Amino acid sequence: MIENRYQPAAVEGRIYTEWEQAGAFRAGRPERAAAQPYCIVIPPPNVTGSLHMGHALNVTLQDILCRFERMRGRDVLWQPGTDHAGIATQAVVERQLLERQQPGSRKMGRDAFIRRVWEWKAESGGTIINQLKRLGASCDWSRERFTMDDGLSRAVLKVFVGLHRAGLIYKDKRLVNWDPTLETAISDLEVQQVETRGNLWHIKYPIEGSDGFIVVATTRPETMLGDVAVAVHPHNERLKHLIGKTAVLPLVGRRIPIIGDDYADPEKGSGAVKITPAHDFNDFEVGRRHGLPLINIFDETAALELTDNDDFLAGVPASAELDATLSLHGFDRFTARKTMVERLEAAGLIDKIEPTQHVVPHGDRSGAVLEPFLTDQWYVDAKTLAQPAIEAVREGKTAFVPSQWEATFFNWMENIQPWCISRQIWWGHQIPAWYGPDGKIFVAETEDDAVADALAHYVDIEEVTPEDGHDIAADPARRARFANEYLHRDEDVLDTWFSSALWPFSTLGWPDQTPELKRYYPTSALVTGFDIIFFWVARMMMMGLYCTGKVPFPVVYIHALVRDATGAKMSKSKGNVIDPLELVDKYGADALRFTLAAMAAQGRDIKLSEQRVEGYRNFATKLWNAARFAEINGCATVEGFDPRQAKETLNRWIAHETAKTAAEVTEAIEAYKFNDAASAVYRFVWNIYCDWYLELVKPILTGPDGEAMSETRAMVAWARDQILKLLHPFMPFVTEELWAVTALSKRDSLLALGKWPSLEGIGDAKAEAEIGWVIDLIAAIRSARAEMNVNVPLPLLMVHVGDHVWDRAQRWSEFIMRMARISEVTRSPIFPRGAVQLVVRGEVVALPLAGIVDLAAERARLAKEMAKADADIARIDAKLGNPNFVARAPQDVVEEEKEKREEALARKARIAEALERLKGAE
RNA sequence: GGGCGGUUAGCUCAGUCGGUAGAGCGUCUGCUUUACACGCAGGAUGUCGGCGGUUCGAGUCCGUCACCGCCCA
């Protein structure tokens, strides 16, 4: 006997093990060799990660799709894996070293540190995978990949070298967003612009050969040490006469030109701006336009670097002022700012200090204030790669769902900037570039290839004799020595997203033409959050098209972000994450999954409420008890049972409703409307199957044995089985468990590998009409007696009804008596005095309540109905009285309104009669 | 500054051909009805943010304003 409560904690682990042991999630199961493939690649979570609500939503939706397609018979590959997450992981391990008071990464050295990270990955990298399993994710774990696996790393090298040869990866010296705490460059996307309160310092720069000053306004006075010019707008009436003159940079003594450039907005600040090309993106452009030098005044940690800084000292005469400034060497930028402002104030060079609100770039990982920094970095020519991706979306080869995201995608792709892909950290794919003693760069997939290229080059320029070149090339030991002595590999690693961009095909074996690649690529859909459209989706599109010539997926389903109570994005650094596993522990994975699916309406963020999860836990219990009811009543799956052959109207009706629901659920999942699918199956299970079918079926199941009983038992079990299937993608654990425990003999297969209901052609409008009437009648009686507070059993009179209605009433009398507490159903030609009138689908029935009923209550009830009828009539009359409506509205709409009017009038007349009779009863 | 989304019942949210507003939770009333109190039955609750327009008809389309949020600069 089934227990009366479903206990998720006791079941989920066991069920998951069964799935894995059966290889249920394995792609390429032999019996599906001829099936159509279906493939989703998981957005690889960080190995550092632990499951948060965003993962839970993301994984639930993918699992729904995968389980759905698997049940539809397709050969499903849900490709799992994790991302090495360069900066994040390196930071975690470094923090750990610090906490344990062990030597830091720099002290350990590169190789030791990387070994340390691998060790860390080995011991805790599996955490997130186990958490995904707890949610029920049906990934093919045998194919789990990691972005730093050998195979994937090979793909990375191949793409890097290929893009470099094609001129689409290049090295460039330009300003990058520099994170001074992580001491690495980051990409534009990793910059968070934060609205910050600050000051606008107005500083007076003396003008050479006069007593005058030009006042520049800046939010970053410390960068003035790198100033190379002052700019004013050429049309600035007040200041344009200064163009061509020279200013003397305070604290330094550098002579800098005053130039005309329309970047200097006359309305802003003082109208004049200092130009610091090495420390400001806009100034960099201004400097380039005017051929100005670049003076970098910071080191990698954004501390001042002044002594021995030739650029800084060039052309600056020695002075006490300069010496004082040089003493700031090594100061942090913010300390330097404070000191410098004090000195300027003392010198009377601060014109004013204006409080201001401005945006300051911060690193999204470290939270540090970023510094525009002049460095050599590797870039991807994203503009070129973006073109085919833009085309593909425009042509519909890849569609976003909801489609509004396409605008976001285009907007970014059309304005895309070069992608800085080098990072000055150690954990990641080391850039396959080797430098020769002359600075020549050799990019190759292996060191051996680089050596070969280098030898060819140095023979070519006669640094190495052809004979030596030949000898070195022929001898592995000498090649290694040559590499060691003459070549130096680039220290940097690639942006994590570089390898993620290859994920849809690198996980399938690319660059080898593996059977998996052939079968599952392009994948079938991508499911992800909008926050990584730029980071990941766009880059997969670019790389996929470049490397394989095909879009990596035809559909990108963009789901909502699960936000915290204030609507802020949940993130580890903010510490505002809700732990989904706590909810799983408390209510079960199925309840959480169903909640997320039900709330996954397109285009809206999710604020999760625990009450909702509790409600769907109750739903699982309801389902559980429905199965228990079936078991108690001997309803077991009948092999080969065909619902189309059912004779009982009630059974034909539930078959009809089941088929309708199956169609709704199927259609909704196909359209990625997970919430519609969830509510359709919820409503059916609870409000149709449990509330009505199982209740109506009770007299049959407790009645005498016979054909009706056996057919009904079979139908109860059949409908339950359909429910388990329809619900399985949403609630895999409880449905799988019920699939097993409700079986008399072992089922053919696990439910996870079961067949999705395909119930076309099961429909019965007549059954629907008949059972619909019974339901409406019972509801009307219940409502009336509740309103009048009558609990005793009552007879039901069918008042001057036609024969076929009477027949129907008799057919269902037993059911009506049971469910509406009716003592007997009889036919009456007249309406008895003092009876309560109900109208159900146009037929009048009466509850003889003379002496029982509270006349005042009944009068009130009728008055309420009368008011509603009047309101309906008034509304329809207003419509039909409008000649424009009759003339312009579609004919069927007008007809419908006329019918409604007739119905409302008839209703009103009956209510009037009833009120009349009530008077007679008094 | 540019763009996007939101504003619907006390709360959280559905409502994708324009045709009399829905769910869950909460709330109120009544129930030891032989699966389930994580339950059953019944009830109440909305100038669909404001204003204007299109239309026979607008929560739904257009314009505008307000507030909230996000993305980009």
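On a predicted model such as this, the values are computed, not experimentally measured, just so you know. Just so you know, these numbers use all the heavy atoms, side chains as well, and skip hydrogens, waters and symmetry mates. Residue numbers start from 1 in every chain, and the chains themselves are labelled A, B, ... in the order their sequence lines are given, proteins ahead of strands.
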Would you mind reporting whether A:Val734 and A:Phe594 have side-chain heavy atoms less than 4.5 Å apart? no
Tell me whether B:rC17 sits syn or anti, counting syn as a glycosidic angle within 90° of 0. syn
Roughly how many Å apart are B:rG22 and B:rA35, using the P atom of each and rounding to a whole number? 33 Å
Tell me, what's RNA chain B's dot-bracket, Watson-Crick or G-U with both distances under 3.5 Å, | for other-strand, [ ] crossing? (((((((..((((.....[..)))).(((((.......))))).....(((((..]....)))))))))))).
Side-chain donor or acceptor of A:Glu897 paired with backbone N/O of A:Val893 under 3.5 Å: no
Counting side-chain heavy atoms from C-beta on, which of B:rG24, B:rG19, B:rC40 comes nearest to A:Val893? B:rG19
In whole Å, what is the span from the CD atom of A:Glu899 to the P atom of B:rU20? 14 Å
If only side-chain N and O atoms of A:Lys622 are considered, is one of them under 4.0 Å from the OP1 or OP2 phosphate oxygen of B:rC40? yes
Using a 3.5 Å distance criterion without hydrogens, assess whether the side chain of A:Asp776 forms a donor-acceptor pair with backbone atoms of A:Val840. no
Heavy atoms only, 4.0 Å cut-off, all strands: where does A:Arg782 land among base, sugar-phosphate and nothing? sugar-phosphate
Is a side-chain donor or acceptor of A:Arg617 paired with a backbone partner of A:Gly588 at a separation under 3.5 angstrom? no
Phosphate oxygens OP1/OP2 of B:rU20: is one of them under 4.0 Å from a side-chain N or O of A:Lys900? yes
Contact class for A:Gln193 vs. all strands (heavy atom < 4.0 Å): base, sugar-phosphate, or nothing? nothing
Looking only at the side chain of A:Phe530 (C-beta and beyond, no hydrogens), which of the listed nucleotides B:rC70, B:rC38, B:rA35 gets closest? B:rC70
Which nucleotide wins on minimum distance to the side chain of A:Ala786, given the candidates B:rA35, B:rG42, B:rC38? B:rG42
Nearest to the A:Ile632 side chain among B:rU34, B:rG24, B:rA35, which nucleotide is it? B:rA35
Is there, by distance only and without an angle test, a donor paired with an acceptor across the side chain of A:Arg628 and the base of B:rC36 below 3.5 Å? no
Given the structure, check if the side chain of A:Glu695 and the base of B:rA35 hold any donor-acceptor pair shorter than 3.5 Å. yes
Full working for side chain to side chain contact (heavy atoms under 4.5 Å, CB included) between A:Val537 and A:Phe400: CA-CA 11 Å; A:Val537 180; A:Phe400 282 75; 4.2 Å; yes
From B:rU12, B:rG19, B:rU16, nucleotide with atom closest to A:Asp676 side chain: B:rU16
Span that lies between the P atom of B:rA9 and that of B:rA23, in whole angstrom: 14 Å
Side chain of A:Lys673 (C-beta onward), nearest among B:rU16, B:rG39, B:rA37: B:rU16
Along RNA chain B (nearest heavy atom to each residue), the more 5'-positioned of A:Tyr689 and A:Pro890: A:Pro890
Of the nucleotides B:rA35, B:rG19, B:rU12, which one has an atom closest to the side chain of A:Met599? B:rU12
With heavy atoms under 4.0 Å as the rule, sort A:Ser679 into base, sugar-phosphate or nothing. nothing
Answer whether the closest heavy-atom distance between the side chains of A:Leu777 and A:Arg841 falls below 4.5 Å. no
Taking the minimum atom-to-atom distance to the side chain of A:Asn675, which one of B:rG19, B:rG5, B:rA14 wins? B:rA14
Which is more 5' along RNA chain B, the nucleotide nearest A:Ser783 or the one nearest A:Val191? Just name the residue. A:Ser783
Under 4.0 Å, heavy atoms only, any strand: does A:Arg821 hit a base, just the sugar-phosphate, or nothing? nothing
Checking the side chain of A:Tyr693 only, and the main-chain atoms of A:Asn651 only, is there a donor and an acceptor separated by less than 3.5 Å? no
Counting any heavy atom closer than 4.0 Å, what does A:Asp691 reach on the DNA or RNA strands: base, sugar-phosphate only, or nothing? sugar-phosphate
Checking side chain to side chain contact (heavy atoms under 4.5 Å, CB included) between A:Leu592 and each of A:Thr60, A:Leu583, A:Asp585, which is the one that passes? A:Leu583
How far does OG1 of A:Thr735 sit from CD1 of A:Ile723, to the nearest 0.5 angstrom? 11.5 Å
Considering only atom C1', compute the distance from B:rG69 to B:rG30 and round it to an integer number of Å. 44 Å
P gap between B:rC65 and B:rA14, integer Å: 26 Å
Compare the minimum distances between each of B:rA35, B:rG19, B:rC38 and the side chain of A:Thr621, then state the nucleotide with the smallest one. B:rC38
